[in-house]
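As structure tokens, the structure follows; a few thoughts come after it.
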Amino acid sequence: MFNEFYQIFGQMVVIAGFLLVFLLFMTLILGKILIHQDRLIFPKVLLFTIDLFYGLFKKFSESIGLDEQIVDHIGVEVRNKVNEKKFKSISDDEKLLILPHCLRNPKCEATLEPSGMVCTGCNKCVIGVLKEKAEIKGYKVFIIPGSTFLKKIIEQNNFKAVLGVACYQDLNLSMMKLSKFAPQGVPLSRDGCVKTKVDPKAVLDKMGIIEDIHNEKSSINNISPCSKDNPAKRVL
């Protein structure tokens, strides 16, 4: 009797393993369709897999020769699509813009306070440009050094939606935690420890500001990374 039980149990484990591998493969395929064709298919399946099997999904992606960052890339794209309509329907004065301090110019004179960095508006980096335009729209803007500051901001402010800028991993995990606030995210175009980059137009587009700021602040496009780029792995 026990042998029969263990045999059935073993078969169930094998079947469950095959189903999990199939689910991970399907999520990668659906994620590829979203990234390359801008088509969102079965968003609940995508979010279920990414949220529930996050660490395992990353290891699985690496095991088949993909960059584990693809998991966070898919997560950010799905969350942006799913929350886009609700985000746009919320008043700008009920939104937050969260920027990472690594976008700062090396000669930044900002001071650190409990709510994050306090920008002086020197316009030496993209932060000053985005902060000014966001505040005109009614956003509350925060420049933070780490996730601990994000927790304080959530606790101390009333808001209904949030727009964030960060590397793919931090962005995906933060959007996961802030799912009830219709999060939108713009990934850094070049990440690292300092002097990172973001496409300012992409951030303005998320805020509903359609304009070309390249000529206005051309210097913001010349920020170099803190380290040499690593050879890119195959993503998809």
Side-chain angles (χ1 to χ4, degrees), residues 10 12-84 87 98-100 102-103 146-147 150 162-179 182-203 205-206 221 223-236:
M12 291 177 63
V13 169
V14 171
I15 293 172
F18 276 117
L19 290 175
L20 178 58
V21 171
F22 175 77
L23 179 63
L24 297 178
F25 261 120
M26 284 301 301
T27 302
L28 284 174
I29 292 171
L30 295 175
K32 179 179 179 179
I33 293 173
L34 172 59
I35 293 171
H36 294 288
Q37 300 181 21
D38 196 27
R39 291 174 54 202
L40 181 59
I41 304 173
F42 300 128
K44 290 184 179 180
V45 172
L46 289 168
L47 290 178
F48 172 81
T49 306
I50 294 169
D51 293 356
L52 189 61
F53 301 107
Y54 179 73
L56 179 61
F57 195 13
K58 283 201 162 189
K59 291 180 180 178
F60 173 77
S61 298
E62 280 200 313
S63 71
I64 60 174
L66 303 180
D67 187 341
E68 66 170 21
Q69 182 177 264
I70 188 60
V71 175
D72 296 302
H73 192 168
I74 294 172
V76 170
E77 295 297 329
V78 175
R79 296 178 209 283
N80 276 342
K81 283 286 186 183
V82 169
N83 295 299
E84 183 177 17
F87 179 85
I98 309 294
L99 300 171
C102 57
L103 286 170
S147 58
L150 181 60
V162 58
L163 170 59
V165 175
C167 65
Y168 270 118
Q169 177 171 298
D170 289 347
L171 198 55
N172 182 39
L173 293 176
S174 296
M175 294 173 76
M176 191 186 302
K177 294 177 182 178
L178 298 173
S179 58
Q184 291 290 283
V186 178
L188 293 169
S189 56
R190 179 174 286 170
D191 56 20
C193 49
V194 294
K195 295 194 293 183
T196 54
K197 283 187 177 182
V198 69
D199 179 2
K201 187 176 183 299
V203 182
D205 284 349
K206 288 289 185 183
N221 295 315
I223 302 174
S224 60
C226 64
S227 61
K228 295 181 180 180
D229 291 335
N230 292 324
K233 294 183 180 179
R234 179 167 60 91
V235 176
L236 280 176

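Everything numeric in this text was worked out from a predicted model, so none of it was measured.
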For the side chain of N80 and the backbone of G185, is there at least one donor-acceptor N/O pair under 3.5 Å apart?
yes
Let me have the donor-acceptor pairs involving side chains of residues 21-30, under 3.5 Å, with sequence neighbours excluded, atom names and distances please.
{"unit_1": "T27", "atom_1": "OG1", "unit_2": "L23", "atom_2": "O", "d": "2.8"}
{"unit_1": "T27", "atom_1": "OG1", "unit_2": "T49", "atom_2": "OG1", "d": "3.1"}

Sequence neighbours left out, what pairs pass salt bridge (Lys or Arg N to Asp or Glu O under 4.0 Å) with at least one residue falling in residues 12-26?
none
Walk me through whether K81 and L34 qualify under side chain to side chain contact (heavy atoms under 4.5 Å, CB included).
CA-CA 9 Å; K81 283 286 186 183; L34 172 59; 4.0 Å; yes
So does R190 pair up with D199, basic N to acidic O under 4.0 Å?
no
Can you give me every donor-acceptor pair (side chain of residues 53-60, partner residue at least two apart or in another chain, under 3.5 Å) with its distance?
{"unit_1": "Y54", "atom_1": "OH", "unit_2": "K58", "atom_2": "NZ", "d": "3.1"}
{"unit_1": "Y54", "atom_1": "OH", "unit_2": "D72", "atom_2": "OD1", "d": "2.6"}
{"unit_1": "Y54", "atom_1": "OH", "unit_2": "D72", "atom_2": "OD2", "d": "3.3"}
{"unit_1": "K58", "atom_1": "NZ", "unit_2": "D72", "atom_2": "OD2", "d": "2.7"}
{"unit_1": "K58", "atom_1": "NZ", "unit_2": "Q169", "atom_2": "OE1", "d": "2.8"}

When rounded to the nearest 0.5 angstrom, what distance separates OH in Y168 from CD in Q69?
7.0 Å
The reported gap from CE in M175 to CG in D170 (rounded to nearest 0.5 angstrom) is 12.5 Å
Looking only at non-hydrogen atoms, find the nearest pair between V71 and S61 and report the distance.
CG2-OG, 3.6 Å
Tell me, do L40 and E77 make a side-chain contact under 4.5 Å, heavy atoms counted?
no
After noting the C-alpha distance and the side-chain angles of Q184 and N83, does the key distance pass the side chain to side chain contact (heavy atoms under 4.5 Å, CB included) rule?
CA-CA 7 Å; Q184 291 290 283; N83 295 299; 3.7 Å; yes
With heavy-atom distances below 4.5 Å as the criterion, would you say the side chains of V165 and I98 are in contact?
no
Write down the atom of S174, the atom of L150, and the distance for their closest heavy-atom approach.
OG-CD2, 3.8 Å
In this structure, CG of L20 is separated from CD1 of I15 (nearest 0.5 Å) by 13.5 Å
When every non-hydrogen atom of G164 is compared with those of L171, the smallest separation belongs to O-CD1, 3.6 Å
Taking every heavy atom of A182 against every heavy atom of F87, the minimum-distance pair comes out as O-CD1, 3.3 Å
With side chains defined as the heavy atoms from C-beta onward, is the minimum distance between R79 and N172 less than 4.5 Å?
yes
Side chains of V186 and D205 in contact at under 4.5 Å (non-hydrogen atoms):
no
Nearest-0.5 Å distance that lies between atom CG in L19 and atom CE in M12:
11.0 Å
Taking side chain as C-beta onward, heavy atoms only, is L103 less than 4.5 Å from L188?
yes
